[in-house]
Amino acid sequence: MEEKQPLLVHKISRIISDFFNPLISLFIFFVYMSVREYSLKDSLLYFVPLLLMIILPVVIWLVWNVKTGRYTNMDVSDRVQRKSLYIFIAACVVAYLVFNYFRNGYIDLVMLFILILVFTMQISNLYIKSSMHTAFNVFVAALFFTLDWKAGLVWLGIAALVGITRIILKRHTVKEVFMGAGIAFVVSFIYLYCNIQFQH
């Protein structure tokens with residue numbers, strides 16, 4: 001009985017951690033925002049470029065690098081391996097920002113701050129392997145907060161739960177989870193401040 005409980009906790013942690021990975025969490029937010037804020041046509045015009053220029057390329061990059069052995073796993077748990085992942089994500093986001101600016105004439109604030117978060121995570125990675133799962137879920141909580149404060153609080157709880165699962169699964173230490181959360185809180189605070197300023 002004592003052996004089954006840790007195994008069950010580990011399995012539940014794995015499910016939570018896999019489901020609330022950065023890409024899926026951002027995907028859930030964009031779907032929620034699209035349903036809440038846009039018509040179906042506008043949602044597709046906004047989401048399809050994100051899907052084709054960021055989400056799919058990053059998924060393909062991860063799968064290809066895991067299959068070729070460049071990455072140990074889909075979480076990219078190795079700190080050295082993460083360098084190329086951060087660079088690739090940043091390149092995809094920059095390409096989208098440029099595309100969106102020329103197409104719509106404005107800088108997508110959400111994607112700009114995702115780029116800032118990626119850059120700060122890359123800098124942090126030089127010293128400590130901050131939890132990307134925790135960081136992105138804290139930032140997604142801030143994104144939800146701009147639409148509905150209750151959804152923001154719920155997602156903040158999810159972010160805390162994800163951070164705990166990363167420790168249980170031994171993907172990160174407590175210090176690495178707190179570092180990821182700390183970075184995301186700073187970036188999220190600046191994002192929320194800018195979001196309020198641009199609304200006025």
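Throughout, residue positions are numbered sequentially from 1 according to the sequence presented.
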Query raised in the report: Under a single-linkage rule joining Ile, Leu, Val, Met, Phe, Trp and Tyr whose side-chain heavy atoms are separated by less than 4.5 Å, which residues share a cluster with I60?
Result: none

Query raised in the report: Under 4.5 Å between any side-chain heavy atoms of F29 and I24, yes or no?
Result: no

Report task. For residues R36 and L147, report the shortest heavy-atom separation together with the two atoms involved. Result -> NH2-O, 2.6 Å

Query raised in the report: Applying the 4.5 Å side-chain criterion to the ILVMFWY set and letting contacts propagate, would I158 and W149 be lumped into a single cluster?
Result: yes

Query raised in the report: Under the criterion side-chain contact (heavy atoms from CB on, under 4.5 Å), which of I114, L109, I107 is the partner of M111?
Result: I114

Report summary line: Taken in chain and number order and not counting sequence neighbours, the residues that satisfy salt bridge (Lys or Arg N to Asp or Glu O under 4.0 Å) with R14 are D18

Query raised in the report: By side-chain contact (heavy atoms from CB on, under 4.5 Å), which residues pair with I87, not counting sequence neighbours?
Result: Q122

**Report entry** Side-chain heavy-atom pair I168, V9 within 4.5 angstrom cut-off
**Finding:** yes

Report task. Starting at OH of Y32, measure out to CG of L143 and round the result to the nearest 0.5 Å. Result -> 12.0 Å

Query raised in the report: Is it true that a side-chain atom of D75 and a backbone atom of S77 form a donor plus acceptor pair closer than 3.5 Å?
Result: no

Query - Residues that S124 engages under side chain to side chain donor-acceptor pair (under 3.5 Å), provided they are two or more places apart - result: S130

Report summary line: V162 and T165 have their tightest heavy-atom pair at O-OG1, 2.6 Å

Report task. For the pair V48 and L52, evaluate side-chain contact (heavy atoms from CB on, under 4.5 Å) and give the outcome as yes or no after the intermediate values. Result -> CA-CA 6 Å; V48 169; L52 296 178; 3.7 Å; yes

Query raised in the report: Between CZ of F20 and CG of L161, what distance do you get to the nearest 0.5 Å?
Result: 7.5 Å

Query raised in the report: Can M121 and N125 be said to form a side-chain contact (heavy atoms from CB on, under 4.5 Å), step by step?
Result: CA-CA 6 Å; M121 295 290 289; N125 192 56; over 6 Å; no

Query raised in the report: Hey, what do you get for OG (S25) to CZ (F136), rounding to the nearest 0.5 Å?
Result: 10.0 Å

Only pairs under 3.5 Å count here: list side-chain donor-acceptor contacts from residues 88-97, not counting sequence neighbours, and write none if there are none.
from	atom 1	to	atom 2	distance (Å)
Y96	OH	D108	OD2	3.3

Requested in this report: Decide yes or no on side-chain hydrogen bond (donor to acceptor under 3.5 Å, both in side chains) for N195 and T146, but give the supporting numbers first.
Outcome: CA-CA 8 Å; N195 186 268; T146 62; 5.0 Å; no

**Report entry** Validation row: E176, T173 side chains within 4.5 angstrom (heavy atoms)
**Finding:** yes

Query raised in the report: Among the clusters formed by ILVMFWY side chains lying less than 4.5 Å apart, do F145 and F189 turn up in the same one?
Result: no

**Report entry** By side chain to side chain donor-acceptor pair (under 3.5 Å) - contacts of T120 (at least two apart)
**Finding:** none

Query raised in the report: Got a second to check how far F30's CZ is from L50's CG, nearest 0.5 Å?
Result: 5.0 Å

Query raised in the report: Under the side chain to side chain donor-acceptor pair (under 3.5 Å) test, which residues partner E37, sequence neighbours left out?
Result: none

Requested in this report: Could you list the residues that satisfy side chain to side chain donor-acceptor pair (under 3.5 Å) with R70, not counting sequence neighbours?
Outcome: T68

Query raised in the report: Quick one: do I16 and L8 end up in the same hydrophobic cluster if we chain Ile, Leu, Val, Met, Phe, Trp and Tyr together by side-chain heavy atoms under 4.5 Å apart?
Result: yes

Query raised in the report: Do L45 and I54 belong to the same hydrophobic cluster, where Ile, Leu, Val, Met, Phe, Trp and Tyr are linked whenever their side-chain heavy atoms lie under 4.5 Å apart, directly or via other members?
Result: no

Query raised in the report: Using 30° and 60° as the class limits, which term best fits the ring planes of W155 and F144: parallel, tilted or perpendicular?
Result: parallel

Requested in this report: Answer yes or no: is there a side-chain heavy-atom contact under 4.5 Å between M132 and N137?
Outcome: no

Report summary line: Using a 4.5 Å side-chain heavy-atom cut-off and chaining through intermediate ILVMFWY residues, the residues clustered with L156 come out as V138, F185

Query - Test: K129 and D78 ion pair at under 4.0 Å - result: no

Query raised in the report: After noting the C-alpha distance and the side-chain angles of Y71 and S84, does the key distance pass the side-chain hydrogen bond (donor to acceptor under 3.5 Å, both in side chains) rule?
Result: CA-CA 10 Å; Y71 293 164; S84 61; 2.7 Å; yes

Query raised in the report: Can R166 and T134 be said to form a side-chain hydrogen bond (donor to acceptor under 3.5 Å, both in side chains), step by step?
Result: CA-CA 8 Å; R166 303 306 287 163; T134 308; 6.0 Å; no

Query raised in the report: Can you tell me how far NE2 of H10 sits from CD1 of I15, rounded to the nearest 0.5 angstrom?
Result: 11.5 Å

Query raised in the report: Given the rule that I, L, V, M, F, W and Y join up when any side-chain heavy atoms are under 4.5 Å apart, are L62 and L169 in one cluster?
Result: no

Query - All pairs passing ring pair (Phe, Tyr, Trp, His ring centres under 6.0 Å) where residues 97-132 contributes a residue, at least two apart - result: F113-Y191

Query raised in the report: Can you name the salt bridge (Lys or Arg N to Asp or Glu O under 4.0 Å) partners of R82, sequence neighbours left out?
Result: none

Query raised in the report: Where do V118 and Y86 come nearest, in terms of heavy atoms and distance?
Result: CG1-O, 3.5 Å

Query raised in the report: Would the number of heavy atoms belonging to other residues, nucleotides or ligands and lying under 6.0 Å from CZ of F27 be above 12?
Result: no

Requested in this report: Report yes if some heavy atom in the side chain of H133 is under 4.5 Å from a heavy atom in the side chain of P22; otherwise report no.
Outcome: yes

Query raised in the report: If you measure from CG on N65 to CG on L85, what distance do you get to the nearest 0.5 Å?
Result: 8.5 Å

Query raised in the report: Does V174 sit in a hydrophobic cluster with other residues, and if so which ones, taking ILVMFWY side chains as linked at heavy-atom separations under 4.5 Å, directly or through other members?
Result: I167, V177, F178

